Amino acid sequence: MTRMKSIGAAFAAVLLSSVAAHAGDVRIMWYSDGGEGEVIKDLLSRFSKANPDVNVILDEVSYDVVKEQLPVQLEAGQGPDIARLTNLKAQAQHWLDLRPYLTDAKYWEDNFGAQADWMRPDGSTAITGFMTQLTLTGGFVNKTLFEQAGVEIPGPKATWDDWAAAAKKVADSQKVFAMAIDRSGHRVSGPNISYGANYIAADGKPAPIDQGAKDFLSRFVKWNEDGTINKDVWVSAAGTTYRSAAEDFINGGLAYLYSGSWQVSGFSQKIGDNFDWVMAGSPCGTAACSGMQGGAGLVAVKYTKNPKDVAKVMDYLAGADVQKEFAERSLFIPAHKGVAAGQIDFKTDNPHVQAALKAFVEAAGQTAAPAMKLPGWKWSDAYYSAIVARISQVIAGEMKLDDAYARIDEDIKAKVAGN
């Protein structure tokens, strides 16, 4: 009997997704940023009705499970048949080459080829999956708080210093937090690059942390120390654990949030008409006004016992009609080239959402060259993880900033040496 199972408990999902699949089973590990979980369940239910011989099991988990538990499973040669995640390149050795099993490999190359290298080993021509959406980091502004405080929203060429000063005025007036940045090394990398940072050395290996990165990270630490930034976001978790500041923004307690386009769907549902909000691109540094492109990819895992069934599910989900509907209902920027080139009717009557998505598309053109290289670079996650772990210790008062820079370099060297 065909079934599609959705499991809310993360622990149960981890256990289930490590169980070897039976013939005809296709188990998917899926996390959601907003409402896309409901959309994928609906789309998969249609597949199940049309393909009763394939038993699709959807395990819904938190992002932390995907980030921290999935790698352990993969190293043990286990895991789900398909997984949705963001750390694609560094784990590419675990992905299945779908090419021999696909109905039309050229269709995949034509429509998903631009990001194919983000999720396969260097030098490979494997087709391992597709991006479920393209994302871009950027700032969100509580417009209502700015208006109530009588503070003008900074313009498109405003610097990080300009935004910090303006948000602090709003915070002092309205008794809220001024700014927050998600607890993520990826999230601070766009600002680092805007100040001239470059993580990649001439030989393709990680470069030591440079003055550009230090110029922003020193500001970031200072703003955490003086209360401009809500330091709880970075000190309330340990190690490399991700923490979004989105709930603080949704609750109206934050003037400015630096996060990304994947938040739009959740904001549409949770903020409603509680306050007006706008997307404001990425603030400028001395070198650029860059965000970070990226997204979540859906990849096939090579330890599957059912590669033909996995390819059948992936072919269905990669179809143009399915991709278009997923993007429109999830309020995501589509990664499918054909869909992105056509008319997209985002399913929302919320003017904030429509404006934000348009602004993200426009801001993508300002992405600096060093940032464009990182999604397909093997050592990106090693760099991100080292930054978030060590800078968090500085903000918590456990380490001096100069010592943190040295430890970041050491952490990254150790990661490279171990691979």
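Being a predicted model, the structure only gives us computed values, none of them experimental.
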What class does the angle between the rings of [X] and [Y] fall in, given that below 30° is parallel, 30 to 60° is tilted and above 60° is perpendicular?
{"X": "W377", "Y": "Y383", "result": "tilted"}
{"X": "F140", "Y": "F249", "result": "tilted"}
{"X": "Y258", "Y": "Y256", "result": "parallel"}

Sidechain N-carboxylate O distance under 4.0 Å for [X], [Y]:
{"X": "E36", "Y": "K41", "answer": "no"}
{"X": "E410", "Y": "R407", "answer": "yes"}
{"X": "R187", "Y": "D182", "answer": "yes"}
{"X": "K305", "Y": "D81", "answer": "no"}
{"X": "R99", "Y": "E109", "answer": "yes"}
{"X": "D53", "Y": "K312", "answer": "yes"}
{"X": "D345", "Y": "K324", "answer": "no"}
{"X": "K378", "Y": "D122", "answer": "no"}

Are H336 and Y107 an aromatic pair, judged by ring center distance below 6.0 Å? yes

Heavy-atom side-chain contact between [X] and [Y] under 4.5 Å:
{"X": "Y195", "Y": "R219", "result": "yes"}
{"X": "Y405", "Y": "S218", "result": "yes"}
{"X": "L374", "Y": "M292", "result": "yes"}
{"X": "L88", "Y": "V299", "result": "yes"}
{"X": "L254", "Y": "V176", "result": "no"}
{"X": "I82", "Y": "V301", "result": "no"}
{"X": "S261", "Y": "T135", "result": "yes"}

Sorted by chain and number, sequence neighbours left out, side chain to side chain contact (heavy atoms under 4.5 Å, CB included) with A406 holds for none

So ring-ring contact (aromatic ring centres under 6.0 Å, His included) across residues 298-325, not counting sequence neighbours, yields F47-Y316, H94-Y303

Side chain to side chain donor-acceptor pair (under 3.5 Å) filter on N87, not counting sequence neighbours, yields D381

Hits for side chain to side chain donor-acceptor pair (under 3.5 Å) against Q343, two or more places apart or cross-chain, chain-then-number order -> none

Applied to residues 286-302, the side chain to side chain donor-acceptor pair (under 3.5 Å) test, sequence neighbours excluded, yields Q293-T367

Contacts satisfying disulfide bond (SG atoms under 2.5 Å apart) that involve residues 248-306 (not counting sequence neighbours) are C284-C289

Kindly write out the residues that satisfy salt bridge (charged side-chain N to carboxylate O under 4.0 Å, His left out) with [X], not counting sequence neighbours, or none if the list is empty.
{"X": "K337", "value": "none"}
{"X": "D33", "value": "none"}
{"X": "D110", "value": "K106"}

Got a sec, which pairs hit salt bridge (charged side-chain N to carboxylate O under 4.0 Å, His left out) with one end in [range], sequence neighbours left out?
{"range": "residues 232-260", "result": "E247-K270"}
{"range": "residues 354-372", "result": "K358-E362"}
{"range": "residues 63-80", "result": "none"}

